[in-house]
Amino acid sequence: RASVSSSLYSPFVSVTDLRLVGGDVLVVGERDGGPGHVMIVGFEPWTIWHATKPCVQKTGFALPSSQKVFRIYRRAP
């Protein structure tokens with residue numbers, strides 16, 4: 001299920017079904033602190049890209065238990 005977002009992320013839509021596809025933007029952050037980091041789902045299976053000091057890194061789909069996904073955005077069809 002997707003709903004149109006009227007935010008700065010337009011032309012992306014907010015996705016609520018948790019099925020990730022390449023190019024999805026994940027807004028994550030500390031479970032008790034709120035959103036604060038963005039990760040992008042890769043087109044290669046089971047990969048996520050995100051920026052950390054000193055560079056952009058490719059990683060897997062694991063988040064520490066102290067973090068959660070707050071929102072998922074997908075490019076509008």
Side-chain angles (χ1 to χ4, degrees):
R1 191 177 93 165
S3 62
V4 175
S5 171
S6 60
S7 72
L8 350 145
Y9 299 107
S10 189
F12 284 77
V13 293
S14 179
V15 178
T16 58
D17 65 10
L18 298 180
R19 287 181 286 172
L20 301 176
V21 298
D24 281 357
V25 176
L26 309 178
V27 180
V28 301
E30 292 297 318
R31 193 171 291 281
D32 297 329
H37 189 63
V38 170
M39 303 174 100
I40 300 172
V41 177
F43 289 93
E44 188 178 311
W46 302 104
T47 59
I48 293 180
W49 293 87
H50 68 118
T52 61
K53 284 187 177 180
C55 61
V56 173
Q57 296 183 354
K58 180 170 80 169
T59 186
F61 272 171
L63 280 178
S65 61
S66 63
Q67 293 194 348
K68 75 175 209 174
V69 175
F70 285 90
R71 181 81 40 104
I72 302 170
Y73 290 101
R74 182 171 298 145
R75 189 153 184 78

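None of these values were measured; they are calculated from a predicted model. One-based numbering along the sequence shown.
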*Asks:* At their closest point, which heavy atom of Ala76 faces which heavy atom of Val13, and how far apart are they?
*Replies:*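 Looking at all heavy atoms of both residues, the closest pair is CB-CG1, 4.0 Å.
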
*Asks:* Table please: side-chain donor-acceptor pairs of residues 38-45 below 3.5 Å, with sequence neighbours left out.
*Replies:*
residue: Glu44; atom: OE2; partner: Lys58; partner atom: NZ; Å: 3.3

*Asks:* Side-chain polar contacts of residues 23-33 - donor-acceptor pairs under 3.5 angstrom, sequence neighbours left out - could you list them?
*Replies:*
residue: Asp24; atom: OD1; partner: Arg74; partner atom: NE; Å: 2.8
residue: Asp24; atom: OD2; partner: Val21; partner atom: N; Å: 3.0
residue: Asp24; atom: OD2; partner: Arg74; partner atom: NE; Å: 3.4
residue: Asp24; atom: OD2; partner: Arg74; partner atom: NH2; Å: 2.8
residue: Glu30; atom: OE1; partner: Ser66; partner atom: OG; Å: 3.4
residue: Glu30; atom: OE2; partner: Gln67; partner atom: NE2; Å: 3.3
residue: Arg31; atom: NE; partner: Ser65; partner atom: O; Å: 3.2
residue: Arg31; atom: NH2; partner: Gln67; partner atom: O; Å: 3.0

*Asks:* Check for me, please, whether Phe70 and Tyr73 land in the same ILVMFWY cluster - side-chain distances under 4.5 Å, paths through other members count.
*Replies:*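 Each belongs to a different hydrophobic cluster.
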
*Asks:* Only pairs at least two apart or in different chains count here, so list each salt bridge (Lys or Arg N to Asp or Glu O under 4.0 Å) that has a residue in residues 48-57.
*Replies:*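 Salt bridge (Lys or Arg N to Asp or Glu O under 4.0 Å) check on residues 48-57 returns no pairs.
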
*Asks:* How close do Ser14 and Arg71 get, counting heavy atoms only, and between which atoms?
*Replies:*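 Nearest heavy atoms, Ser14 then Arg71: OG-CD, 2.9 Å.
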
*Asks:* Which residues pass the ring-ring contact (aromatic ring centres under 6.0 Å, His included) test with Trp46, sequence neighbours left out?
*Replies:*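 Once residues adjacent in sequence are excluded, the partners of Trp46 under the ring-ring contact (aromatic ring centres under 6.0 Å, His included) criterion are Phe61.
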
*Asks:* Considering only heavy atoms from C-beta outward, does the side chain of Pro11 approach that of Arg75 to under 4.5 Å?
*Replies:*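 Side chain of Pro11 against side chain of Arg75, heavy atoms only: contact under 4.5 Å found.
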
*Asks:* Connecting only ILVMFWY residues whose side-chain heavy atoms lie within less than 4.5 Å of each other, what is the rest of Val56's hydrophobic cluster?
*Replies:*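 Under the 4.5 Å side-chain rule, Val56 groups with Trp49.
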
*Asks:* Write out all pairs satisfying salt bridge (Lys or Arg N to Asp or Glu O under 4.0 Å) with one or both partners inside residues 60-69, taking only residues at least two apart or from two chains.
*Replies:*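 Qualifying pairs, neighbours excluded: none.
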
